[in-house]
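Only one structure is covered here, and it is reproduced in the block below.
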Amino acid sequence: MLSVKQELLAALAVELDKLSPGAGARAAFESPKVAAHGDWACTAAMQLAKALKTPPRQLGEQLQTALLATNAYQQWVDAIDIAGPGFLNIRLKPAAKQQVVREVLGERERFGWQPDRGEKILVEFVSANPTGPLHVGHGRQAALGDAICNLYATQGWQVHREFYYNDAGVQIDTLTQSTRLRAQGVKPGDAGWPEAAYNGDYIQDIADAFLARATVQADDRAFTASGDVGDYDNVRQFAVAYLRNEQDKDLQAFALKFDEYYLESSLYANGYVEATVQRLVANGKTYEKDGALWLRSTDYGDDKDRVMRKSDGHYTYFVPDVAYHVQKFKRGYTKAVNIQGTDHHGTIARVRAGLQAADVGIPQGYPDYVLHTMVRVVKGGEEVKISKRAGSYVTLRDLIEWTSKDAVRFFLLSRKPDTEYTFDVDLAIAQNNDNPVYYVQYAHARICSVLRGWRDDGDEAQLASVDLSPLTSEPAQALMLQLAKYPDMLTAAATGNAPHDVTFYLRDLAASYHSYYDAERILVDDEPVKLARLALVAATRQVLENGLALLGVSAPQRM
RNA sequence: GCGUCUGUAGCUCGAUGGAUAGAGUAUCGGCCUCCGAAGCCGAGGGUCGUGGGUUCGAAUCCCGCCAGACGCACCA
């Protein structure tokens, strides 16, 4: 079923094509900021004026006449005004705005979703190496990635959540060495404790568990310690499994589940790294210099050519990264999104260059990157320095335990990814309305309370087909317009990889509801009026719940 | 020095090239005998870093400058 907006846009497109063939493809409505400018506005007359060599207001009049003659506009539109340089300001009939209530109550949790497009998207995020607990920065990535995945699902994508990590590099050697030394009783600061070792107390916990021959279970592996400190490989495998298990607990506390854990070591084991290098060499995209193998990445817009194979024979880190992305594409993911800190931005050009040079049909600009700034943490008015080596941490789990999963998620999604962000622990701990999640959740709980006041079971299914014509007041119409914006908001948020759009939308929707609640009593004696208002309020509750679910935040019935 | 990103209300931030730049917070003033006041209504508060350009129209696009963050290894 087409929404009112879709019907009106379709009719507009027909008229625009009559004026200028092809113009219909750009048919669009804007939502004016000022109520006096109508419910929707169209700027097509101004945009077409030059090409058609016709004054925009004259074009506007032609459009106005043509549109008002169509069935769709006669059914739904009250008036079209021409204003300013050539805006078409459209004022909807109340019945047009009321339709969204029926749509929401009919489609429920699927309101605003697009049909399945039969394409797969892979979103790679968190991807923390198993050398320590997840910290607040990983939390930002977890919140962003999960919400972005949910957004793509609403747009008809089949979404795959992937966690990539290095289980065999230099950092793992450092972890293994640190654990062995701790197991042997050597501590940070002692003679024989290396400068490069990890100093955190959690290393001692791993060492103790290793000596106790503990068994650890993680999402992607399980391992039992031998207790033999001399067995380097056994210590390594145990330490990795132990920290993966710790990270899984962090992710569980955040209510986040990955579909797959992908190991960098597997790219070597399966020969993908070697195959990728050979492909690049065969394509003539490499050269030897100073005993190293270089990629001609400058051919694809990179600053400088990059070393692929060092003179000691090892590959640099971006080579397996290129192999990994070739595999993503071969696995059928026509779209890939990587979520990383801005400190990784330098790698984007060379990975994309490698993918183009491999020449296996990967489109330019693959993969997408969402870069987020690092999170600073302030506690008690002072910045908490995060240092893996010194072991000073605010872990993600600390933060969730101090506050709540809902507060941390909403907090971390309350601004653009590239905005520098200071996480004020005291503010997040405070259970007051400084944290906007309470404002939105309160609106939801308040609606549930009204529904309970109507019927003990609050069964919204009863409201899906009530007569909506009593919904004509200003606050009711404002609320319905806000509900109708939800589907377009989802599309924009997904295409822009911008979950904060959802956060701001929910804030606005909650505000519209609170205003409505204050202006109009819902449980009145007049039965038809009461049912119509209950339907509006139930639809609002549904959209609040849907939006919060996208962010991974619960919608409580009581607070 | 080179590259990427960011400069908007006292503070924290938002704004598919559209009309009078918006929220929250803080400050001040109103609203609970009535569905949840974790709420609502109102007031004050702006050189959109800065100087040019593009066009019917620029916070938004282009160029210069200033300031900040992050990168600039045969590290990951």
Side-chain angles (χ1 to χ4, degrees), chain A residues 28-34 36-37 41-43 45-47 49-50 55-57 83-87 89 129 131 166 169-172 264 289-294 302-304 306-318 320-321 341-349 371 373-374 376 414-422 424 427 431-443 445-454 475 488-489 491-492 495-496 498 500-501 503-505 507-508 510-511 513-524 530 533-534 537 558-559:
Chain A
F29 292 136
E30 298 180 353
S31 292
K33 291 168 187 158
V34 185
H37 294 153
C42 174
T43 59
M46 290 176 287
Q47 286 164 8
K50 193 164 213 174
R57 288 190 68 104
F87 290 97
N89 290 333
N129 283 344
T131 54
N166 179 339
V170 175
Q171 294 179 53
I172 302 296
E264 183 182 8
K289 191 182 83 176
D290 303 335
L293 181 69
W294 298 68
D302 199 3
D303 288 353
K304 53 185 94 168
R306 304 290 171 176
V307 170
M308 292 171 59
R309 190 177 59 228
K310 297 182 271 184
S311 49
D312 69 4
H314 289 97
Y315 292 117
T316 55
Y317 71 95
F318 92 94
D321 217 14
T342 53
D343 53 339
H344 288 87
H345 77 247
T347 70
I348 296 174
L371 300 181
T373 51
M374 286 306 168
R376 296 192 310 133
S414 64
R415 49 212 70 192
K416 287 181 293 194
D418 57 10
T419 300
E420 287 176 40
Y421 187 46
T422 300
D424 186 331
L427 187 63
Q431 300 260 337
N432 60 30
N433 43 2
D434 287 343
N435 189 331
V437 71
Y438 295 117
Y439 183 83
V440 178
Q441 288 184 322
Y442 178 61
R446 229 180 175 189
I447 295 173
C448 291
S449 176
V450 173
L451 291 171
R452 284 193 299 267
W454 164 56
D488 285 348
M489 183 280 296
T491 302
T495 49
H500 71 279
D501 285 352
T503 310
F504 280 88
Y505 172 83
R507 222 266 157 211
D508 289 344
Y513 174 70
H514 285 310
S515 289
Y516 174 71
Y517 178 87
D518 193 67
E520 206 158 80
R521 191 179 168 78
I522 296 152
L523 298 175
V524 292
K530 180 175 78 178
R533 290 177 181 176
L534 281 165
V537 155
R558 292 184 171 86
M559 300 173 61

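Sequence lines set the chain letters: A, B, ... in the order given, protein chains first and strands last, and positions in each chain run from 1.
Proximity of a side-chain donor or acceptor of W294(A) to a complementary backbone N or O of M308(A) within less than 3.5 Å is not detected. Here the side chain of R533(A) pairs a donor or acceptor atom with the backbone of R521(A) at under 3.5 angstrom. Side chain of T131(A) to main chain of Q171(A): no donor-acceptor pair is present (N/O by atom type, distance under 3.5 Å, no hydrogens or angles). Within the 3.5 Å criterion, the main-chain N or O of A292(A) finds no donor-acceptor partner in the side chain of D290(A). Put simply, the side chain of S449(A) never gets that close to the backbone of A445(A): no donor and acceptor are under 3.5 Å apart.
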Next item on the list: Heavy atoms under 4.0 Å is the rule here; annotate nucleotides 70-76 of chain B 5' to 3' with B where the base is hit, S where only the sugar-phosphate is, and - elsewhere.
Entry: BSS-BSB

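Between U60(B) and G7(B), the distance separating the two C1' atoms is 14 Å to the nearest Å. With C1' as the reference atom, G64(B) and G45(B) are 33 Å apart, rounded to whole Å. Straight-line distance between the P atoms of G30(B) and G49(B): roughly 37 Å, to the nearest whole Å. Using atom C1' as the reference point in both C28(B) and G44(B), the two lie 8 Å apart (nearest Å). Using atom C1' as the reference point in both A38(B) and G24(B), the two lie 15 Å apart (nearest Å). Nucleotides A59(B) and G46(B) have their C1' atoms positioned 12 Å apart, rounded to a whole Å.
M559(A) comes within 4.0 angstrom of a base, heavy atoms only. Among the atoms of the strands shown, none is found under 4.0 Å from any heavy atom of A349(A).
Contact annotation: Y505(A) does not reach the phosphate of A15(B) (side-chain N/O to OP1 or OP2, under 4.0 Å). Taking side-chain N and O atoms only, K416(A) has a distance below 4.0 Å to OP1 or OP2 of G14(B). Close to G14(B), at under 4.0 Å from its OP1 or OP2, lies a side-chain N or O of T419(A). At the phosphate of C35(B), neither OP1 nor OP2 sits under 4.0 Å from any side-chain N or O atom of R521(A). Between R57(A) and C56(B), a side-chain N or O to OP1/OP2 separation shorter than 4.0 Å is absent.
Note: H500(A) and F504(A) have perpendicular aromatic rings, judged against thresholds of 30 and 60 degrees for the angle between ring planes.
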Between the protein and nucleotides 41-44 of chain B, are there any N/O to N/O pairs under 3.5 Å, and if so, what are the atom names and distances?
| from | atom 1 | to | atom 2 | distance (Å) |
| --- | --- | --- | --- | --- |
| C41(B) | OP1 | S515(A) | OG | 2.7 |

Under 3.5 Å, which protein N or O atoms sit close to an N or O of nucleotides 19-22 of chain B? Give each pair with its distance.
| from | atom 1 | to | atom 2 | distance (Å) |
| --- | --- | --- | --- | --- |
| A19(B) | OP2 | K33(A) | NZ | 3.4 |
| A19(B) | N6 | N89(A) | OD1 | 2.7 |
| A19(B) | N1 | N89(A) | OD1 | 3.1 |
| A19(B) | N1 | N89(A) | ND2 | 3.0 |

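For Y439(A) and G24(B), the OH to C1' distance is 10 Å, given to the nearest whole Å. For the pair L451(A) CG and G36(B) P, the computed distance is 11 Å after rounding to whole Å. Rounded to a whole Å, the NE2 atom of H514(A) is 16 Å from the P atom of C35(B). Atom CG of D508(A) and atom P of A15(B) are 12 Å apart (whole Å). In this entry the distance linking NE2 of H500(A) with C1' of C13(B) reads 10 Å, nearest Å. Spacing between atom CG of D418(A) and atom C1' of C13(B) amounts to 12 Å, rounded to whole angstrom units. If you measure from atom CD of E520(A) to atom C1' of C35(B), you get 13 Å, rounded to the nearest angstrom. At whole-Å resolution of the value, CG in L371(A) and P in U6(B) are 11 Å apart.
Among the duplex regions that RNA chain B forms, those built from at least three successive Watson-Crick or G-U pairs under 3.5 Å are B:1-7 with B:66-72, B:10-13 with B:22-25, B:27-31 with B:39-43, B:49-53 with B:61-65, ordered by first number.
For the atom pair OG1 of T342(A) and CG of D418(A), the computed distance is 9.0 Å after rounding to the nearest 0.5 Å. To the nearest 0.5 Å, atoms NE2 (H314(A)) and CZ (R309(A)) are separated by 12.0 Å. Of the inter-residue distances, the one linking T316(A) atom OG1 with R306(A) atom CZ reads 10.0 Å to the nearest 0.5 angstrom.
Closest-nucleotide positions on RNA chain B for Y517(A) and A510(A) were compared, and the one nearer the 5' end corresponds to Y517(A). With RNA chain B read from its 5' end, the first of the two nearest nucleotides for F29(A) and R507(A) is the one closest to F29(A).
A heavy-atom distance below 4.5 Å is not found between the side chains of R57(A) and M46(A).
Seen from the ring of Y421(A), R415(A) does not count as a face-on cation partner, given the 6.0 Å and 45° thresholds.
Glycosidic conformation of C28(B): anti, with the torsion beyond 90° of 0.
In this view, R507(A) satisfies the salt bridge (charged side-chain N to carboxylate O under 4.0 Å, His left out) rule with no residue, not counting sequence neighbours. Listed by chain and residue number, P32(A), N89(A) satisfy the side chain to side chain contact (heavy atoms under 4.5 Å, CB included) test with A41(A) (two or more places apart in sequence, or in another chain).
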